[in-house]
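Data block below; observations after.
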Amino acid sequence: MPAYVRALLPVLAGTRRHRAFTVALVAAAALRVITMLGYPPARMYWYDSFAYLHNAVHLQPDQGFHPIGYPLLLRALLPFHSVGVVVAVQHAMGLAAGAVVYAALRGRGLPGWAAVAASAPVLFDASFLRLEHAVVSDTLFILLVVAATALLVRRPVPSARAAATAGLLLGGAALTRTIALPLILLVLLVLAVRRVPWRRPAVLALAGPLPVVAYAAWYGGVHGRIGVSGSDGVALWARSMTFADCAVIQPPQDLAPLCPNGTVLDAATDQPLAEQVRRAYDPDLTGMRSVRPYADLLIAYQYPAYLRGPLLAAILLLGLIGALRRPGRAAALPWAVAVTLLVAPVAVLDFDHRYVLPVVPVACLAAGLTFARPPRRAAVRKVREVSREVPSAERIG
């Protein structure tokens, strides 16, 4: 038998074992190819997308509210000088997020069909296709959070290596979107409530802040104060200018230019940042356009293929039941992460459907763990013995 055939045998065996997920993954990949063909080159958000690309070219801590995580990814892809390559990588990340959910649930004893069902929203929801096709940080953020959460729940007691890796991933997520900063403390709290041996939370507590502390020191060296992000007030102004009445407020003279005056500008072409990004990152960067018949297919697909709010609420409720009632409460961690990601952006900024999407895969992970097969008593005893580093003959109470 040729060597290359022998090398492929494990892959083929794995494909047969996970046939349903393989079919789902291929179909999800085809949808992403159609998205790239139907809407080249990418969806650009003003001013987020251009600020990210500009920061990737001039790599240093941004004094605004964008930390360095996503610009680092863009910087790694800079040699291609193509936002098309950027969204192709992000579409692959979307597939990876679905694979992580599937693998974690299969590892906890779920049948293949149930694990595929739990991974389906992130693979097939049209909102994820659109998000992955945009030059924004959300897809990277989702993958980091899902991977960190899955590492901590794939076994009844996470290993020290898994805890350290999860901590680093959460630190990376915090440097991608600062809303992840509380997740490190949240995860430590949940692990403490679950009475996980203290060494695991200790390792995570050391690894998680490392990327954040390193970046905060870099930020301080550049801007003269320790931090991971700043703000120039533009977000507050954007949310108040729609209803602020300067005739009533009578602002001081230095703030009067901020009053709405009816002037309308095309932010994508009247600002110099767009042209700077075009010259430095992608000379062929243009506005997103639709190409038929691929765009027509996606327009028809988007109406049935998205997760409705009531269904997401049912998924969260199912995860809550698992967090409260299942042995070991494995669903507690992803459920707590999902609820935090749902509430925190609304509390600190505002509601945007885009901010809800990171909730979906971790909520599906929690719901799937509600049906996870309890580990055998002997396996649990062995895990506890190893984690507590006691002799095997010693009785564990």
Side-chain angles (χ1 to χ4, degrees), residues 10-33 35 89-129 131-132 138-156 158-159 162 165-166 169-170 173 305-307 311-312 314-316 318-319 321-323 326 328 330-338 341 356-375:
V11 178
L12 295 175
T15 301
R16 287 195 298 269
R17 182 184 175 191
H18 305 286
R19 185 176 299 138
F21 181 72
T22 301
V23 172
L25 193 66
V26 171
L31 281 172
R32 284 156 173 82
V33 171
T35 301
V89 170
Q90 292 180 172
H91 283 306
M93 288 180 174
L95 296 174
V100 167
V101 172
Y102 173 82
L105 294 177
R106 288 288 277 159
R108 293 303 298 265
L110 257 70
W113 66 267
V116 170
S119 65
V122 70
L123 292 177
F124 294 106
D125 192 314
S127 298
F128 283 95
L129 298 180
L131 190 66
E132 295 163 17
D138 302 59
T139 300
L140 174 61
F141 175 78
I142 290 171
L143 180 58
L144 291 171
V145 171
V146 171
T149 308
L151 277 173
L152 294 172
V153 299
R154 66 175 184 171
R155 294 179 180 175
S159 66
T165 304
L169 290 172
L170 288 174
Y306 74 93
L307 189 69
L311 185 54
L312 177 57
I315 292 172
L316 287 167
L318 195 59
I321 294 172
R326 292 295 294 177
L333 179 60
W335 184 85
V337 171
L341 291 176
V356 178
L357 295 183
V359 176
V360 174
V362 282
C364 290
L365 183 58
L369 287 171
T370 300
F371 303 99
R373 185 171 54 202

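For the single chain, residues carry numbers from 1 onward in sequence order. Fair warning: this is a prediction, and the values are worked out from it, not measured in the lab.
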Can you tell me how far [atom2] of [Y] sits from [atom1] of [X], rounded to the nearest 0.5 angstrom?
{"X": "F141", "Y": "L341", "atom1": "CZ", "atom2": "CG", "value": "5.0 Å"}
{"X": "L95", "Y": "L31", "atom1": "CG", "atom2": "CG", "value": "9.5 Å"}
{"X": "L318", "Y": "T370", "atom1": "CG", "atom2": "OG1", "value": "4.5 Å"}
{"X": "L143", "Y": "E132", "atom1": "CG", "atom2": "CD", "value": "10.0 Å"}
{"X": "L312", "Y": "C364", "atom1": "CG", "atom2": "SG", "value": "7.5 Å"}
{"X": "L333", "Y": "T149", "atom1": "CG", "atom2": "OG1", "value": "5.5 Å"}

Which atom of [X] lies closest to which atom of [Y], heavy atoms considered:
{"X": "G319", "Y": "A331", "answer": "O-CB, 3.8 Å"}
{"X": "H91", "Y": "L129", "answer": "CE1-O, 3.5 Å"}
{"X": "F128", "Y": "I142", "answer": "CE2-CD1, 3.9 Å"}
{"X": "A332", "Y": "A323", "answer": "CA-CB, 3.5 Å"}
{"X": "I315", "Y": "A363", "answer": "CG2-O, 3.5 Å"}
{"X": "V153", "Y": "P334", "answer": "CG1-CD, 3.8 Å"}

Derivation and outcome, side chain to side chain contact (heavy atoms under 4.5 Å, CB included), residues V337 and L365
CA-CA 11 Å; V337 171; L365 183 58; over 6 Å; no

Check: [Y] main-chain N/O paired with [X] side-chain donor or acceptor under 3.5 Å:
{"X": "R32", "Y": "L123", "result": "yes"}
{"X": "R108", "Y": "L369", "result": "no"}
{"X": "S119", "Y": "Y102", "result": "no"}

Please assess V101 against V146 for the test side chain to side chain contact (heavy atoms under 4.5 Å, CB included), listing each intermediate value before the final yes or no.
CA-CA 7 Å; V101 172; V146 171; 3.9 Å; yes

Is any side-chain heavy atom of V360 closer than 4.5 Å to a side-chain heavy atom of V122?
no

Can D138 and L357 be said to form a side chain to side chain contact (heavy atoms under 4.5 Å, CB included), step by step?
CA-CA 9 Å; D138 302 59; L357 295 183; over 6 Å; no

